[in-house]
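The structure under discussion appears below in the form of structure tokens.
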Amino acid sequence: MRAQAQATAPNLKGSARLGSYLRQLRTGYGYSLRRVEQRARAEGGEIDNSQLSRYEKGICYPSFDKLRILASVFNVSVQAFSDVVDLEAFEDLKPETGDPDRLVADGICALKGGDTGLAFALFERATELLLEREDRDRAVEAIAQARVNQATALLRLGKLALAEQELRTALRDADLLSAEIRARALLALVNVLTEQGDFFLAEIHSERALALADSEGAPLLRARGLHALGFVLSQRGLHPAAIERYREAARLYDGLDERVESARVRINIGTCYVALGKHREGVRLLLSALEECRALGHRRLEARTWSNLGEAYFRLGDRRRARGCLRESDALASSDDNHHADIQFVNAFYEWKMAESDENPTREKIAFGRLKALRSQLEKRFPEVEAFDEYVERGRCHA
């Protein structure tokens, strides 16, 4: 999707979504158009108030240099602006109106079914309708719930900065929210922080969410808390502790018939075994999880499982099976409306490593080119991204 947005950006006369986002940032800071002009000048750039007004109305599209200045003024990343434009791909999926509760329920079904783009569109429309209500102050809980769901969809789409923004907005009214909504917001924030590599803060928030779940006696929330904590621990390399949390979460999910989350946890357990060097047990668990994902018809999870199997076979030295698994994953990760760049990056990374080991310069060059193209689409921080970035940086230093 990002590739599509970048390809069409030069032809855009303007972006209504980007304009709305810029207006929200400006009013959130309490800035007038003239004040933004002054702040832009202080940042070493020139954006006059009439120019900003045209951006906000979607009449014209800012250049990269203007976006860079606005990012400094509003303390956001340039990536966030790109992500906002990407989301225009889902604009046609948004219903004009509807009952917010029904839209949220339909969005949850779409999210569970792997249709993340539709889920985002439904959650965003629900949030907009709730914010338009005259009794908005009485709808704080419903607004926060819609925002948390919207952030979850944004996270699945790889829009980390926008997901974090939605969650922190929801948590501003923490004192007015139920323990359940606060816990859900914290758990979603844990996932964002983990993807960004902030494991220390992620672990603190996951423990807070678990405490809220236990105070409410809510087994589903506890399962999600354990799931999130397991993910943080696995990213820190504490795989035995992660497996323990994952297994407890799986037992709770199974008892609640949460089949998608249960499958997700089992994938994580298999991946932990691979990371521990117990490759054959990891493969066995991942193959079992793959059957669950197929039965559920969840394309992203199936693509991810194939990718993790490819890594496991790579570590076992079985390159034929590794390549077969990576191809299966790529076919699923790029064949629907939801472009899973993170999964495709992992696949390209192991293709690159195998080509390098085989001393096949043609394949190595092709895989490296894919990695460069996909890297620009990722905010997530995971081992393959960090290894690639380190390689590129070393190349620059030796150039």
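Counting from 1, the numbers follow the sequence of the chain as shown.
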Exercise. Passes side chain to side chain donor-acceptor pair (under 3.5 Å), Tyr391 versus Glu386? Steps please.
Worked result: CA-CA 9 Å; Tyr391 176 88; Glu386 291 176 354; over 6 Å; no
Problem set entry | Heavy-atom pair with the smallest gap, counting every atom of Ser15 and Glu88 | OG-OE2, 2.6 Å
Exercise. Does a side-chain N-to-carboxylate-O contact under 4.0 Å join Asp48 and Arg34?
Worked result: no
For this session: Determine, using ring centers only, whether Trp352 and Phe345 are less than 6.0 Å apart.
Result: no
Exercise. Donor-acceptor pair, Thr169 side chain versus Gln165 backbone, under 3.5 Å?
Worked result: yes
For this session: Would you name the heavy atoms of Ala185 and Leu167 that are closest together and state the gap between them?
Result: O-CD2, 3.8 Å
Exercise. Just wondering, do Arg264 and Leu301 contact through their side chains at under 4.5 Å, heavy atoms?
Worked result: yes
Problem set entry | Salt-bridge criterion met for Glu244 and Arg247 (N-O under 4.0 Å) | no
Exercise. Does the side chain of Phe200 come within less than 4.5 Å of Asp198's, by heavy atoms?
Worked result: yes
For this session: Hey, could you give me the CG/CZ distance between Leu221 and Arg184, rounded to the nearest 0.5 Å?
Result: 8.0 Å
Problem set entry | Expected output: side-chain Ser234 to main-chain Phe231 donor-acceptor under 3.5 Å | yes
For this session: Start with the C-alpha distance between Leu374 and Asp342, add both sets of side-chain angles, then the distance that settles side-chain contact (heavy atoms from CB on, under 4.5 Å), and finish with yes or no.
Result: CA-CA 8 Å; Leu374 290 163; Asp342 55 337; over 6 Å; no
Exercise. So, Thr27 side chain and Gly30 main chain: donor-acceptor pair closer than 3.5 Å or not?
Worked result: no
Exercise. Going by an N to O cut-off under 4.0 Å, is there a salt bridge joining Arg245 and Glu248?
Worked result: no
Problem set entry | Salt-bridge present (Arg39, Glu43; N to O < 4.0 Å) | yes
For this session: I would like to know whether Ile269 and Thr271 meet side-chain contact (heavy atoms from CB on, under 4.5 Å); could you show each step before the answer?
Result: CA-CA 5 Å; Ile269 293 173; Thr271 304; over 6 Å; no
Exercise. Do the charged groups of Arg363 and Asp358 touch, with an N to O distance under 4.0 Å?
Worked result: no
For this session: Look up atom CZ in Arg125 and atom CG in Leu122, then write down how far apart they are to the nearest 0.5 Å.
Result: 10.0 Å
Problem set entry | Audit row: Arg266, Ser262, side chain to side chain donor-acceptor pair (under 3.5 Å) steps and yes/no | CA-CA 6 Å; Arg266 294 187 211 286; Ser262 182; 2.8 Å; yes
Exercise. Taking the side chain as C-beta and beyond, is there a heavy-atom pair between Glu37 and Leu52 under 4.5 Å?
Worked result: no
For this session: Kindly indicate whether the side chain of Ile243, heavy atoms from C-beta on, has any atom under 4.5 Å from the side chain of Leu276.
Result: yes
For this session: Treat each ILVMFWY residue as a node, draw an edge where side-chain heavy atoms are under 4.5 Å apart, and state whether Leu155 and Val385 are in one component.
Result: no
For this session: Assess Arg35 against Tyr31: is NZ or CZ under 6.0 Å from the centre of the six-membered ring, and within 45 degrees of the ring's axis?
Result: yes
For this session: Tell me, yes or no, whether the heavy-atom count around Arg236 atom CZ, taken from other residues, nucleotides or ligands under 6.0 Å, exceeds 12.
Result: no
Exercise. Roughly how far apart are His239 NE2 and Asn268 CG, rounded to 0.5 Å?
Worked result: 11.5 Å
For this session: Starting from the C-alpha separation in whole Å, work towards a yes-or-no answer on ring pair (Phe, Tyr, Trp, His ring centres under 6.0 Å) for Phe368 and Phe388.
Result: CA-CA 9 Å; Phe368 187 80; Phe388 178 74; 5.4 Å; yes
Problem set entry | Shared hydrophobic cluster for Leu162 and Leu118 (ILVMFWY, side-chain gaps under 4.5 Å) | yes
For this session: Over all heavy atoms of both residues, which pair between Ala263 and Leu296 is shortest? Give the atoms and the distance, please.
Result: CB-CD1, 4.1 Å
For this session: Quick one: closest heavy-atom pair of Leu130 and Ala142, and the distance?
Result: CD1-O, 3.5 Å
Exercise. Is Asp83 salt-bridged to Arg17, cutoff N-O under 4.0 Å?
Worked result: no
Exercise. Got a donor-acceptor contact below 3.5 angstrom from the Glu141 side chain to the Ser178 backbone?
Worked result: yes
Exercise. Taking atom CZ of Phe199 and atom CG of Leu233, what is their separation to the nearest 0.5 Å?
Worked result: 10.5 Å
For this session: Answer with yes or no whether the hydrophobic clustering places Leu212 together with Leu171; edges join I, L, V, M, F, W, Y residues whose side-chain heavy atoms lie under 4.5 Å apart.
Result: yes
Exercise. When you check the gap from the basic side-chain N to the acidic O, do Glu261 and Lys112 get nearer than 4.0 Å?
Worked result: no
Exercise. When the ring planes of Tyr29 and Phe74 are compared, do they come out parallel, tilted or perpendicular, using 30° and 60° as the limits?
Worked result: tilted
Exercise. Hey, mind stepping through Val85 and Tyr61 against side-chain contact (heavy atoms from CB on, under 4.5 Å) and telling me if it holds?
Worked result: CA-CA 11 Å; Val85 175; Tyr61 193 88; 3.4 Å; yes
Seminar exercise, completed: On a heavy-atom basis, the closest approach of Ala202 and Val232 is CB-CG2, 3.8 Å
For this session: Mark yes or no for whether Ser329, through its side chain, and Ala303, through its backbone, hold a donor-acceptor pair below 3.5 Å.
Result: yes
For this session: Over 60° means perpendicular and under 30° means parallel, so classify the ring planes of Phe314 and Tyr350, tilted if in between.
Result: tilted
Exercise. Got Arg224 and Tyr253 here, is their nearest side-chain heavy-atom distance under 4.5 Å?
Worked result: yes
Exercise. Ion pair present between Asp115 and Arg299, side-chain N to carboxylate O less than 4.0 angstrom?
Worked result: no
Exercise. What's the verdict on side chain to side chain donor-acceptor pair (under 3.5 Å) for Arg370 and Asn347, showing C-alpha distance, side-chain angles and the deciding distance?
Worked result: CA-CA 10 Å; Arg370 276 195 75 202; Asn347 298 342; over 6 Å; no
Exercise. Do Asp254 and Arg259 have side chains that get closer than 4.5 Å, going by heavy atoms?
Worked result: no
Report, one line per pair, each donor and acceptor closer than 3.5 Å where one atom sits in a side chain of residues 100-110; sequence neighbours left out.
| from | atom 1 | to | atom 2 | distance (Å) |
| --- | --- | --- | --- | --- |
| Arg102 | NE | Asp106 | OD1 | 3.1 |
| Arg102 | NH2 | Asp106 | OD1 | 3.0 |

For this session: Test side-chain contact (heavy atoms from CB on, under 4.5 Å) on Phe382 and Thr194 and set out the steps.
Result: CA-CA 9 Å; Phe382 47 87; Thr194 304; over 6 Å; no
Exercise. Would you say Arg23's side chain and Glu56's backbone share a donor-acceptor pair under 3.5 angstrom?
Worked result: yes
For this session: For atom CZ of Arg208, decide whether the heavy atoms of other residues, nucleotides or ligands shown that lie under 6.0 angstrom number more than 12.
Result: no
Exercise. Can you tell if the side chain of His340 reaches within under 4.5 Å of the side chain of Ser334, non-hydrogen atoms only?
Worked result: no
Exercise. Can Lys94 and Glu124 be counted as an ion pair, charged N to O under 4.0 angstrom?
Worked result: yes
Exercise. Under 3.5 Å, is there a donor-acceptor pair between the side chain of Lys66 and the main chain of Glu46?
Worked result: yes
Exercise. Under a 4.5 Å cut-off applied to non-hydrogen side-chain atoms, are Pro62 and Leu18 in contact?
Worked result: yes
Seminar exercise, completed: Nearest heavy-atom contact between Ala153 and Phe123 is CB-CD1, 4.2 Å
Problem set entry | Residue pair Thr152 / Arg156, side-chain donor-acceptor N/O under 3.5 Å | no
